[in-house]
Protein chains: 2
Amino acid sequence: MQKQHSSRKRAVTMRDVAKMANVSQSTVSRVLSGAEESIPIGEETKQRVMEAVKSLGYYPNLYAGSLRGQKTFMIAMMVADIANPFYHPMVRAVQDVAHSHRYDVMIANTDHTRDGEMHFIESVIRRPVDGLILVPYHLTQVDIERCIARTGVAVAALGQHVTHPQVDTVFGNDERAVLEAITWLIQARSHKRIGFIGVTDNFSVGVRRRSAFVEAMRQAELPLPPEMFEYGDWSSESGERAMRSFLSLPQPPTAVFAVNDLMAIGAMEAVQKAGLCTPQDVAMIGFDDIPPATWVRPRLTTVAQHPAEMGHIMAKALFERIQGDYSGPGRRFEAPCRFVIRESA
Amino acid sequence: MQKQHSSRKRAVTMRDVAKMANVSQSTVSRVLSGAEESIPIGEETKQRVMEAVKSLGYYPNLYAGSLRGQKTFMIAMMVADIANPFYHPMVRAVQDVAHSHRYDVMIANTDHTRDGEMHFIESVIRRPVDGLILVPYHLTQVDIERCIARTGVAVAALGQHVTHPQVDTVFGNDERAVLEAITWLIQARSHKRIGFIGVTDNFSVGVRRRSAFVEAMRQAELPLPPEMFEYGDWSSESGERAMRSFLSLPQPPTAVFAVNDLMAIGAMEAVQKAGLCTPQDVAMIGFDDIPPATWVRPRLTTVAQHPAEMGHIMAKALFERIQGDYSGPGRRFEAPCRFVIRESA
DNA sequence: CGAATTACCGCATACGATTTCACAACAGGA
DNA sequence: TCCTGTTGTGAAATCGTATGCGGTAATTCG
């Protein structure tokens, strides 16, 4: 028992299999990779090899294969925050599609930061993968271009943030959905002072949803005082903070729209902690329709997206590129948004 | 522009750097890997190499390094269900520790199935990593032994499910916590008919928590009719189903304990949909204390665990093994559980 | 001043797989 | 008998990096 520290043990290799089956290592390779179509292998030899594989419990080392210029059988997925339930069905869908292609998925989260996203890109340059699923907030076309140019990787992305000639994207028409929701708030519920909880402007989604909000208010010819705009970091805690700011105003909003459900839920907490009621005192609308939206009381009125479908579409498009079934310009898939009226507004 | 299909482009290699810096590839390797300690490198040479690295934008291919017998700079983490908020702080903690060691984390979820867990083991045999963080429910000592024997990987695990001489484990004393909670339900709230929502017996956690439940009832000399036991699959939907079964009984329970918060939340939904109230008609206690536990109304009484701390402990122990700072027998770390009384019971 | 260090660096090989090329054996046809 | 295929197999190059070993020039020592 020498001190081995953390050095890995020698695994079962193809050569071991070859030795046991009394064939050369290349024959083993051919049997396993199913190259028998082009290069014939004797039936009896094949049997011997398969037996040896089974009795040794051999598994190919995928690093070696990928080094030689083959596929890595791995895709990487970059999401902002796996703690946000919105991404769960998406991750799940991607994993399902990947597994059906015998691929593994490596997930990284970026905490909504540019550093996190850059780290991800570097990471897939050092450890190449066959495909990338991105949910980018800060990455620019240049960053993605660099990554594609260096690794030739296939890419699919969520959102309208990036437009790259070789990247397929899936996006919801969130502008229209926001417009619909706010207009409904004004017309059907006759709100006039509506607060907006967004995120900082380096998120293009935030900018877009605020524009839609502003547009709806403009159309109704309602004022847009600056104190009706608060900004958070997508988390429920930040939504709570934002709502507290609203409530400390001499004239708080009578309704609030938050750009995601987590912040809306946090805002509702703040309302209740202040001894007020939703929707009587402050109506609330969120975005995403995550499961907790139906757990809170009152149930959250929100804009439903279809993350599972979005994930599925991205993954499917990605594998079409990986397998060379498609290699044309970046496609754009629109996924529907649906305004869901519950109890909070 | 030949048709390139999905074949990856040739990346910048060490040889390219070497050529540009007019040195041999091995010198580049030594400069970058900081092996200058054992084999000295001229200051001026080092400069040239670094310049070339920068100007070419070179990143080492980690697959190649790991092939050569080095570290992979990657650990893999296996969790049951990434959609369960309980795991989020744990995943986050593991990632934080890993990144501080310049490691990447690959996450896989198993959907609570044995197949999923086995797939994970196979996957890390084919694509070796330096360390494993496991949240195993079905894996046996034999499976883990096989994995360690073949890859020499370091392992840390959550729970009391596995006991392996080389695996460090972190666990909460959930039996005591359950005992405390149920006893409180009996003594402080004088419940006599208490329902139990568990999981099937191939989860050792489920068995253990049910034993503790049974023990508490025994100590209070209360009956344990079989109709007071329902079983779900950890999801809120299954909790809702289980509760509906309880409510269809001629004599439904006056209190229910669920082995996790998700099922407890689902059960509360069922109570409310039946037009009943928590805690007046049916009191509810969960387990885990995930964020939604404070979002639902009434707020959920539950047993708090500390997933962030657990993740941190596991990761720290793992890296001690990876770096050879520790190589003794498997350590057992106990993390505290805390009974949190809110409004649902 | 010749020999022994030392500082610095390159050559060659190994890691585990894929893939190209070569080749042996054997068949059938001229 | 010679040539040409066909079939089945092995040898060797290759991917990008790490490293043992050996070599060369500069330096130190006796």
Side-chain angles (χ1 to χ4, degrees), chain A residues 7-19 21-49 52-53 56 58-74 125-128 130 150-152, chain B residues 7-49 52-53 56 58-74 125-128 150-152:
Chain A
S7 75
R8 280 192 280 104
K9 305 219 173 72
R10 226 183 71 81
V12 179
T13 91
M14 249 188 187
R15 233 180 287 277
D16 301 327
V17 175
K19 200 169 291 173
N22 268 323
V23 294
S24 81
Q25 183 241 27
S26 23
T27 301
V28 177
S29 170
R30 280 190 280 252
V31 171
L32 267 60
S33 63
E36 332 135 33
E37 311 300 321
S38 49
I39 295 163
I41 301 278
E43 193 53 46
E44 194 257 356
T45 311
K46 218 182 291 181
Q47 290 298 332
R48 279 210 317 278
V49 170
V53 165
L56 288 172
Y58 167 78
Y59 287 93
N61 180 328
L62 292 178
Y63 293 148
S66 90
L67 225 207
R68 185 59 230 275
Q70 291 314 294
K71 300 234 165 96
T72 62
F73 292 104
M74 176 132 133
I125 289 179
R126 288 193 305 222
R127 203 183 268 110
D130 295 344
R150 297 190 46 137
T151 65
Chain B
S7 74
R8 281 193 278 103
K9 304 220 171 70
R10 225 184 70 84
V12 178
T13 90
M14 256 191 185
R15 236 180 285 276
D16 300 327
V17 175
K19 200 170 292 174
M20 170 169 272
N22 269 322
V23 294
S24 79
Q25 175 258 340
S26 23
T27 302
V28 177
S29 169
R30 282 190 274 253
V31 170
L32 291 171
S33 63
E36 329 137 33
E37 311 299 321
S38 50
I39 294 166
I41 301 281
E43 193 54 45
E44 194 257 354
T45 310
K46 218 182 292 182
Q47 290 297 332
R48 280 210 316 277
V49 170
V53 165
L56 287 172
Y58 167 78
Y59 288 93
N61 180 328
L62 291 178
Y63 292 147
S66 89
L67 224 208
R68 187 67 227 290
Q70 290 314 294
K71 298 231 165 98
T72 62
F73 291 104
M74 176 131 133
I125 288 179
R126 288 193 304 224
R127 203 182 268 110
R150 297 191 45 139
T151 65

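Chain identifiers are assigned alphabetically (A, B, ...) following the order of the sequence lines, protein sequences preceding nucleic acid strands; residue numbering begins at 1 within each chain. Every value quoted in this text rests on a predicted model; they were computed, and no experiment measured them.
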I'd like to check the side chain to side chain donor-acceptor pair (under 3.5 Å) partners of [X]; sequence neighbours left out, ordered by chain and number.
| X | value |
| --- | --- |
| A:Thr45 | none |
| B:Glu43 | none |
| A:Ser29 | none |

Heavy-atom check, side chain of A:Phe73 versus side chain of B:Arg127, under 4.5 Å: yes
Heavy-atom side-chain contact between B:Asn61 and B:Thr13 under 4.5 Å: no
Side-chain donor/acceptor of B:Thr151 to backbone N/O of B:Ile125, under 3.5 Å: no
A:Tyr59: ring-ring contact (aromatic ring centres under 6.0 Å, His included) partners, not counting sequence neighbours: none
Nucleotide-resolved protein contact map, nucleotides 16-25 of chain D, B/S/- at heavy-atom distance under 4.0 Å: BBBBB-----
Can you check the [X] [atom1] to [N] [atom2] distance for me, whole Å?
| X | N | atom1 | atom2 | result |
| --- | --- | --- | --- | --- |
| A:Lys46 | D:dT7 | NZ | P | 13 Å |
| B:Arg126 | C:dT18 | CZ | C1' | 17 Å |
| A:Lys71 | D:dC15 | NZ | C1' | 17 Å |

Sugar-phosphate, base or nothing in reach of B:Val23, heavy atoms under 4.0 Å: sugar-phosphate
Terminal axis angle for the helix from C:dC1-D:dG30 to C:dA30-D:dT1, five pairs an end, nearest 10 degrees: 70°
Nearest-0.5 Å distance, CG of residue A:Leu32 to CE of residue A:Met14: 5.0 Å
